Amino acid sequence: MTTVEKIRFERVTKSFAVRDANKKGVSNEYTAVQDLSFTVREGEFITLVGPSGCGKSTLLDLTGGLTTPTRGRILIDGKEIAGPGLDRGIVFQQYALFPWKTARGNIEFGLEAKGIPKREWKEKANYYLNLVGLSQFADRYPHELSGGMKQRIAIARSLAFNPDVLLMDEPYAALDAQTRESLQSELLRIWKQTKKTIIFITHSIDEAIYLGERVVVLTGGPGQVKEIVDVPLKSRDADVRSHPDFVKIRQKVWNLLHEPEYIGANI
Amino acid sequence: MTTVEKIRFERVTKSFAVRDANKKGVSNEYTAVQDLSFTVREGEFITLVGPSGCGKSTLLDLTGGLTTPTRGRILIDGKEIAGPGLDRGIVFQQYALFPWKTARGNIEFGLEAKGIPKREWKEKANYYLNLVGLSQFADRYPHELSGGMKQRIAIARSLAFNPDVLLMDEPYAALDAQTRESLQSELLRIWKQTKKTIIFITHSIDEAIYLGERVVVLTGGPGQVKEIVDVPLKSRDADVRSHPDFVKIRQKVWNLLHEPEYIGANI
Amino acid sequence: METVKSVDLSINNKKLKNIGFSGLQKLFKQSIVLIALFLLWEIAPRIGLVDEAFFPRFLNVLIAWWEMVKSGELFAHFSASITRSIFGFGLALLIAIPLGLLIGWYPLARDLLNPVLELFRNTAPLALLPVFMLFLGIDETSKISIILFACTWPILLNTIAAVGSVDPLLIKSARSMNISSFKLFYKVILPASVPTMFTGIRMAGSSAILILIAAEMVGAKEGLGYLITYSQYNFMIPEMYAGILTISVLGLFINYGLLSLEKRLSRWKQDPTL
Amino acid sequence: METVKSVDLSINNKKLKNIGFSGLQKLFKQSIVLIALFLLWEIAPRIGLVDEAFFPRFLNVLIAWWEMVKSGELFAHFSASITRSIFGFGLALLIAIPLGLLIGWYPLARDLLNPVLELFRNTAPLALLPVFMLFLGIDETSKISIILFACTWPILLNTIAAVGSVDPLLIKSARSMNISSFKLFYKVILPASVPTMFTGIRMAGSSAILILIAAEMVGAKEGLGYLITYSQYNFMIPEMYAGILTISVLGLFINYGLLSLEKRLSRWKQDPTL
Amino acid sequence: SSDSKKAASNGEKQDTVLEYQVQAGTVSFPELAADLGYLGDLKLENVSSYTGGPESIQLTATGETDFGYAFNGAIIKSYAKNVKIKSVVGAYGSDKNTFVGAYALEGSSIKSAKDFIGKKVGVNILGAHFEFVLKDYLRQGGLTEDEIKQVTLVVIPMVNSEQALRSKQADVVLVNSLPKELLIERGEVVEIFKDTDVYNTEFTAGDFFFSQDYIEENPDTVKQFTEGVAKAIEWARTTPREEVTARFEKILAARGEDKMIPSLKYWKSTGIAEEGGLINDAEYDTWIKWLEKNGELKEGQVKAADLYTNEYNPYAK
Ligand SMILES: Nc1ncnc2c1ncn2[C@@H]1O[C@H](COP(=O)(O)OP(=O)(O)OP(=O)(O)O)[C@@H](O)[C@H]1O
Ligand SMILES: Nc1ncnc2c1ncn2[C@@H]1O[C@H](COP(=O)(O)OP(=O)(O)OP(=O)(O)O)[C@@H](O)[C@H]1O
Ligand SMILES: [Mg+2]
Ligand SMILES: [Mg+2]
């Protein structure tokens with residue numbers, strides 16, 4: 001494992017202007033994430049957990065260069081992020097497939113954006129379609145696919161895009177247990193092979209621990225880092241989940257997420 | 001527990017016309033669910049699990065009266081479904097909030113559709129906003145909410161709509177563990193109080209067993225009932241999950257979902 | 001645990017100042033090309049690029065305009081025209097929006113009405129002048145009808161298109177709540193269609209003004225269209241341009257009015273360029 | 001484990017038959033109102049509802065039309081007009097679509113260009129006839145320019161609106177892949193905008209034909225617009241209506257052509273009425 | 001007014017309010033007659049502005065207006081198409097001061113009919129007065145029909161004629177009235193021919209008409225009107241020019257058209273050939289023959305006598 005720093009969040013704050021419900025025309029500032037700092041090492045698989053609305057997706061947008069922080073900065077390879085780049089790829093929480101392109105077309109869109117020569121598209125698209133188990137659905141338009149299928153196409157697109165840094169926003173939320181497990185191990189395999197840096201958002205504590213080398217636990221309202229939990233698991237077989245270390249870490253994360261400051265935060 | 005039959009699926013088949021990828025202008029028939037039969041008792045909480053793309057959402061659309069079966073029929077209270085009705089409410093897999101209405105406006109839309117007098121809207125909306133922990137976000141438009149928040153508004157809307165039969169398509173998929181648990185118990189409380197009939201789709205085996213009185217396991221390609229698993233749990237405290245009965249049932253459902261016929265079906 | 005904090009006054013003040021400055025900057029940006037155009041208009045006849053007899057200087061047009069304003073003549077024409085336009089436009093709204101929703105929604109209505117409507121839509125109002133005169137005479141009815149005729153198509157077409165581009169999931173969602181067809185139109189399709197529909201409405205707003213020239217060719221005694229034709233036929237070229245300019249500026253105001261109405265109605269929209 | 005099974009031939013045959021019958025039914029529905037209209041047109045002058053001298057029977061119009069077809073006269077006018085229209089329309093497409101994308105996307109372009117464009121948009125082509133003549137002469141250039149002028153606005157406005165209604169998430173998604181602005185237009189905004197843009201294009205298609213009457217009022221020797229004005233001035237009323245009808249039907253065909261093109265381009269769309 | 005249709009048959013009083021179209025910037029003879037008090041108890045009511053002969057014919061024939069006026073050629077064509085109107089008195093025409101002229105820029109190579117071959121000539125409307133004159137001029141100049149076809153006629157509204165000529169978009173333009181005077185005033189043009197030369201006579205070119213129904217139902221009104229107009233024409237023909245334009249000035253001012261008063265200086269004469277605007281066969285026959293030759297009318301399809309009546313004109317012998 002290398003210790004070269006890949007991404008550094010430096011006191012990142014992001015605020016949105018929202019209308020005041022009572023006074024017309026007035027806008028207030030709503031802070032989604034505040035003074036958030038942590039670093040991600042090169043080739044690291046980091047998972048992000050936190051309550052709904054704590055700013056995880058916002059953080060991903062910022063890292064992807066789609067919005068800019070209100071205060072603070074984010075560095076990649078020591079350079080401040082200036083916008084989107086070929087080095088980063090995102091799987092959005094809401095899939096974001098192009099409705100006028102078929103499943104295959106959506107994957108090829110990523111390949112084209114990356115500058116892959118056209119003759120390689122078919123083969124590559126087939127490979128990733130097969131990987132997510134949708135070879136038979138290559139020529140369907142998004143509205144003809146089920147929720148989980150759409151999500152898998154979005155995953156396939158981002159994998160085919162083959163970025164240095166993969167940013168994934170609850171990519172497996174709409175998948176059944178089996179597909180999920182199978183794609184989890186695929187992702188781990190790809191990660192080990194290509195040594196990508198991956199930031200992975202999930203609501204499943206099990207998934208966070210199973211996949212991540214470290215789990216970043218965020219607090220809500222506004223989002224801040226509560227603790228970063230190391231996951232010193234050597235193996236990642238399917239039955240690692242019943243390993244005592246795993247159970248211990250799960251309990252720890254669970255506790256962190258259930259600490260009093262959350263109580264009443266959202267529910 | 002009553003044994004009056006509420007919903008009956010009678011050899012329900014649903015096919016879609018899809019373009020042939022190779023031959024232009026030709027369409028093939030794609031069967032999403034086939035010859036599906038089972039019944040739901042009045043006041044029953046039934047959960048649906050099955051691999052991605054097996055036709056769960058399609059089944060919900062059919063029950064909601066939004067599409068009609070290609071063959072077979074669905075009876076509610078002994079009458080064939082003719083279209084949508086005030087007796088059924090749906091939480092869609094993709095939230096389906098109206099972007100031009102605020103969180104509160106979306107809930108009130110449901111109240112209005114139900115024919116609740118206007119003066120009661122505010123109070124009712126507040127109640128359900130509070131229930132899903134979003135009182136502070138009442139005046140935000142959907143695009144200003146996080147994924148989980150949108151989903152919670154959709155849940156609040158359907159609860160406020162207060163239908164006899166509640167059809168929920170992975171309603172908790174985008175929620176963090178804690179919010180999820182809390183909404184699970186809320187839903188159980190409401191169910192016990194109002195004796196609604198609930199059909200609940202989920203990918204979480206735990207959730208399916210924790211909530212459902214029976215778990216319907218579907219096979220994929222095309223969707224058919226594989227087995228209906230009874231969940232004879234008396235209590236539903238949070239720690240029921242470690243109860244040996246629970247663990248046994250979980251293993252059973254897990255096994256059903258991992259049986260060979262699935263292998264290669266989607267992955 | 002909320003951080004919805006009101007921005008304090010000092011910041012507000014700063015913002016206000018910012019708006020003052022950036023507002024000025026925006027105004028400058030918005031008017032620069034316009035000013036250049038008017039300058040060109042002033043200069044072209046001066047340096048003999050065009051014959052001043054046919055294309056008067058901008059200033060002379062303004063003078064002629066001001067004379068007509070002072071004499072009250074312009075106002076008389078203006079009010080005659082605007083009354084006709086508003087009637088025609090208003091009727092077009094009342095007819096075209098429901099019709100568009102109907103056609104966009106019900107295949108039967110589409111099958112029945114589309115061919116006739118398309119045939120009419122593709123018939124020039126100018127060519128129909130004699131027909132309007134024949135059936136409706138030469139008084140207000142025929143003028144308002146021509147305006148109505150011209151305004152109908154952009155609204156109709158855009159309404160049909162708007163209905164077609166509503167997110168099917170939203171319709172599904174509303175239908176699942178068993179709301180009536182009317183409510184579905186009124187509560188879902190209409191708001192979802194606002195942006196597209198307004199494009200048609202704005203285009204119709206312009207048409208309502210532009211068609212005046214044709215409409216007031218039919219037996220008019222006053223109105224801006226009459227003023228323009230009258231001036232032209234009597235070689236009062238600056239007056240003619242003053243009339244044209246008045247119509248253009250009037251159209252501009254109507255457009256901005258409709259734009260700000262649209263903005264109000266689609267406040268909920270997310271800026272796609274964000 | 002897939003059930004993508006080809007529907008066998010017998011079903012296809014059944015479908016074909018079905019289409020034959022339902023197609024007939026549809027044709028009937030589509031033409032019934034149209035036929036009623038033409039019947040009314042035939043009957044109204046017959047029973048003296050209108051003066052036949054100014055509003056000839058439909059059959060007489062058809063006869064006049066057929067005479068002009070036989071003599072080749074109509075074709076000459078037709079081809080003159082269609083050439084002009086296609087040029088003007090084509091140029092408008094080339095200009096208005098990129099301009100609309102630009103304005104819809106870049107606030108600076110919007111601020112700079114909007115006022116001038118709005119001013120021009122609100123200026124009647126009919127009023128501009130003399131100006132076009134002055135600057136562009138009375139030959140083809142000025143006629144094509146007027147058509148271009150009239151066609152530009154619907155395309156422009158609808159393109160701007162279309163850009164504004166693209167789902168922001170899609171733009172975000174494409175931008176996250178770091179594609180160039182040009183590609184973003186070409187690959188995302190354009191396809192997402194097709195339905196709304198086509199409404200404008202269809203409206204422009206009609207304009208291209210409708211404005212002929214104005215464009216061919218000056219300096220024309222042939223063309224359908226010329227035919228109509230000429231016939232009108234010379235009391236060849238059936239010929240005039242034949243000309244108007246030709247323009248309308250031509251517009252109709254163009255419209256259906258554009259519609260089917262749109263359908264091809266937006267095959268991916270889900271029917272919202274489903 | 002239009003609801004007067006049944007007045008006569010019911011034995012009620014005939015129409016006394018005549019609806020008509022005002023031609024902006026111009027004073028027509030009925031207006032002059034009214035101002036001079038020649039119309040008696042008849043009132044004129046302006047319902048809209050005059051935009052052309054064909055429209056005026058339609059409006060009068062369909063009862064929207066009570067009387068109108070148009071080029072005699074247009075009246076012939078409309079009659080041939082079953083439009084039931086009848087001319088009663090002259091409206092405008094050409095004489096030595098008021099005429100239709102053809103102009104080219106100074107230094108133009110066009111001097112005679114032969115020079116027109118291959119050139120572009122602007123006329124206001126095809127198939128009307130200007131085209132008739134031009135073709136007759138060319139025929140008289142010895143051009144064959146084939147050669148005439150090589151003269152390109154383009155439609156240029158008269159308001160744009162000067163512009164088209166000066167910017168060399170047309171080689172020759174035909175104009176009359178105000179556009180002609182302005183063109184001449186600004187100079188650098190030469191006159192090639194005028195219509196009075198082509199026909200070698202002064203002639204009335206357009207007449208006032210009523211619909212046949214109207215005449216039938218309101219014969220007294222028509223008589224009263226025609227008398228008044230005829231007297232007004234005679235007054236304008238015989239009164240010194242300054243006095244006539246002063247009267248016009250007053251009428252325009254009363255109509256609120258002060259702005260048009262300066263252009264009255266271009267008014268030269270009535271252009272009406274016959275005493276009291278009497279109509280004669282020749283004024284129609286010229287155009288009937290022209291149309292017959294051109295194949296637009298069948299031989300004998302329209303006879304001049306059917307088109308007009310001098311019955312109400314006091315100057316008729
Ligand atoms: N455009 C916006 N305008 C105003 N507020 C916004 C906007 N986008 C996000 N927010 C707010 O910022 C906060 C964080 O949102 P974000 O989407 O990052 O949450 P999240 O952690 O991804 O939640 P979830 O797990 O539910 O997806 C939320 O409270 C949300 O309401
Ligand atoms: N409109 C349509 N046209 C064609 N095929 C469709 C259409 N809608 C759904 N399908 C197909 O029907 C099958 C079932 O879809 P459905 O959405 O019901 O799955 P699901 O069980 O809800 O899956 P998920 O868990 O991924 O949401 C899928 O294979 C899908 O591709
Ligand atoms: Mg999120
Ligand atoms: Mg689903």
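Note on naming: letters A, B, ... go to the chains in the order of the sequence lines (proteins, then strands), and numbering restarts at 1 for each one. Not measured: the values here are computed from a predicted model.
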Portion of [X] that has a non-hydrogen atom of chain D nearer than 4.5 angstrom:
| X | answer |
| --- | --- |
| C:Leu157 | both |
| C:Leu250 | neither |
| C:Ile244 | side chain |
| C:Phe38 | side chain |

- Applying side chain to side chain donor-acceptor pair (under 3.5 Å) between C:Asn122 and each of D:Ser206, D:Ser248, D:Ser207, report the one that passes. D:Ser206
Shortest non-hydrogen separation from [X] to [Y] and the atoms involved:
| X | Y | result |
| --- | --- | --- |
| C:Gly100 | C:Ile160 | O-CG1, 3.6 Å |
| C:Ser81 | C:Glu216 | OG-OE2, 3.0 Å |
| C:Ala204 | C:Ile155 | CB-CG1, 3.4 Å |
| D:Cys151 | D:Ala92 | CB-CB, 3.5 Å |
| D:Pro45 | D:Phe55 | CG-O, 3.3 Å |

- Query: Would C:Leu224 and C:Ile213 satisfy side-chain contact (heavy atoms from CB on, under 4.5 Å), going step by step from the backbone distance to the final call?
  - Reply: CA-CA 7 Å; C:Leu224 292 169; C:Ile213 297 188; over 6 Å; no
- Query: Hey, does the side chain of D:Ser85 reach the backbone of D:Ile82 with a donor-acceptor pair shorter than 3.5 angstrom?
  - Reply: no
- Message: As an exercise: rank C:Leu245, C:Leu212, C:Leu134, C:Ile247 by heavy-atom pairs under 4.5 Å with chain D and give me the winner.
- Response: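 So the answer, after comparing C:Leu245, C:Leu212, C:Leu134, C:Ile247, is C:Leu134.
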- Item | Options C:Ala162, C:Pro125, C:Pro115, C:Ser31, ranked by heavy-atom pairs under 4.5 Å with chain D, top entry | C:Pro115
Taking [options] one by one, which has the highest count of heavy-atom pairs under 4.5 Å against chain C?
| options | value |
| --- | --- |
| D:Tyr256, D:Phe28, D:Phe198, D:Phe135 | D:Phe135 |
| D:Ala127, D:Pro195, D:Ala161 | D:Ala127 |
| D:Asn158, D:Leu113, D:Thr196, D:Leu170 | D:Asn158 |
| D:Ile189, D:Leu210, D:Val116 | D:Leu210 |
| D:Ile211, D:Thr229, D:Ile209, D:Val131 | D:Val131 |
| D:Val50, D:Ile228, D:Ile32 | D:Val50 |

- Name the region of D:Leu108, side chain, backbone, both or neither, that has any atom closer than 4.5 Å to a heavy atom of chain C.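 Contact with chain C involves the side chain of D:Leu108 alone.
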- Of the backbone (N, CA, C, O) and the side chain (C-beta and beyond), which part of D:Leu112 lies under 4.5 Å from a heavy atom of chain C, both, or neither?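 Contact with chain C: backbone and side chain both.
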- Are the aromatic rings of C:Phe58 and C:Tyr241 close, with centres under 6.0 Å apart? no
